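One structure is given below, encoded as C-alpha cells.
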Amino acid sequence: AENLNRTFVVNYGETGRRKASLFAYTIEVTLQFIAADTHNVLCVSTAEGCGGTESDDVRIAINRALEAAFSTRETRYLTQY
C-alpha cells in the first residue's frame with residue numbers, strides 16, 4: 001500500500017487489423033495507463049505493427065505504443081488525460 005501512489009495499471013487490447021499487402025496485415029494495439037490509487041486514466045497510446053508473424057506484429061505494436069507514451073518526440077500519437 002505504501003507504493004500505491006507510484007503504481008499504475010496497464011490495460012492492453014488489440015483494437016484492429018488492417019491488410020497491408022497481398023500477404024501481410026498489421027495489428028493495432030491500445031495501451032491504457034491507469035493510476036492505481038485514484039483509478040484515473042493517465043494516458044492512452046495506440047500503435048500498429050507489421051512483422052513476419054502475428055506475435056511479431058503484436059510485439060512491434062506494443063513497443064511503438066510504449067515509445068509513443070514515454071517519448072517526448074512522439075506526443076502527437078498520445079492522448080493524455
Side-chain angles (χ1 to χ4, degrees):
E2 68 183 62
N3 290 325
L4 195 59
N5 65 341
R6 296 186 303 177
T7 303
F8 59 90
V9 177
V10 180
N11 291 325
Y12 156 86
E14 291 183 17
T15 52
R17 291 178 186 258
R18 181 176 62 85
K19 190 167 184 166
S21 70
L22 185 60
F23 300 108
Y25 62 92
T26 65
I27 294 178
E28 179 183 81
V29 300
T30 298
L31 302 178
Q32 180 186 54
F33 299 86
I34 301 172
D37 56 348
T38 63
H39 304 287
N40 291 334
V41 175
L42 302 173
C43 70
V44 176
S45 181
T46 301
E48 60 180 15
C50 184
T53 64
E54 186 171 340
S55 61
D56 287 343
D57 297 347
V58 171
R59 180 182 46 78
I60 291 166
I62 289 172
N63 284 333
R64 287 179 177 167
L66 287 170
E67 183 177 314
F70 292 103
S71 170
T72 57
R73 297 173 304 171
E74 298 294 330
T75 55
R76 67 181 179 272
Y77 299 114
L78 178 65
T79 303
Q80 293 184 345
Y81 293 89

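In this text, all values refer to a predicted model and were calculated from it rather than measured experimentally.
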For [X], all residues meeting side chain to side chain contact (heavy atoms under 4.5 Å, CB included), sequence neighbours excluded:
X	value
T53	S55, D56
A47	R64, A65
T38	A35, N40

If I take atom [atom1] from residue [X] and atom [atom2] from residue [Y], how far apart are they, to the nearest 0.5 angstrom?
X	Y	atom1	atom2	value
N11	I34	CG	CD1	4.5 Å
C43	L31	SG	CG	8.5 Å
Q32	S45	CD	OG	11.5 Å

| field | Members besides I60 in its Ile/Leu/Val/Met/Phe/Trp/Tyr cluster (side-chain heavy atoms under 4.5 Å) | value |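 Joined to I60, directly or through intermediates: none.
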| query | Does anything in residues 3-12 pair up under salt bridge (Lys or Arg N to Asp or Glu O under 4.0 Å), and if so which pairs, sequence neighbours excluded? | reply |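 Applying salt bridge (Lys or Arg N to Asp or Glu O under 4.0 Å) to every pair that reaches into residues 3-12, excluding sequence neighbours, yields nothing.
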| field | Pairs meeting criterion ring-ring contact (aromatic ring centres under 6.0 Å, His included) with involvement of residues 5-25, two or more places apart | value |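 Listed by first then second residue: F8-F33.
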Results of side chain to side chain donor-acceptor pair (under 3.5 Å) for [X] - residues two or more places apart only:
X	answer
D37	none
T15	E28, T30
T26	E48

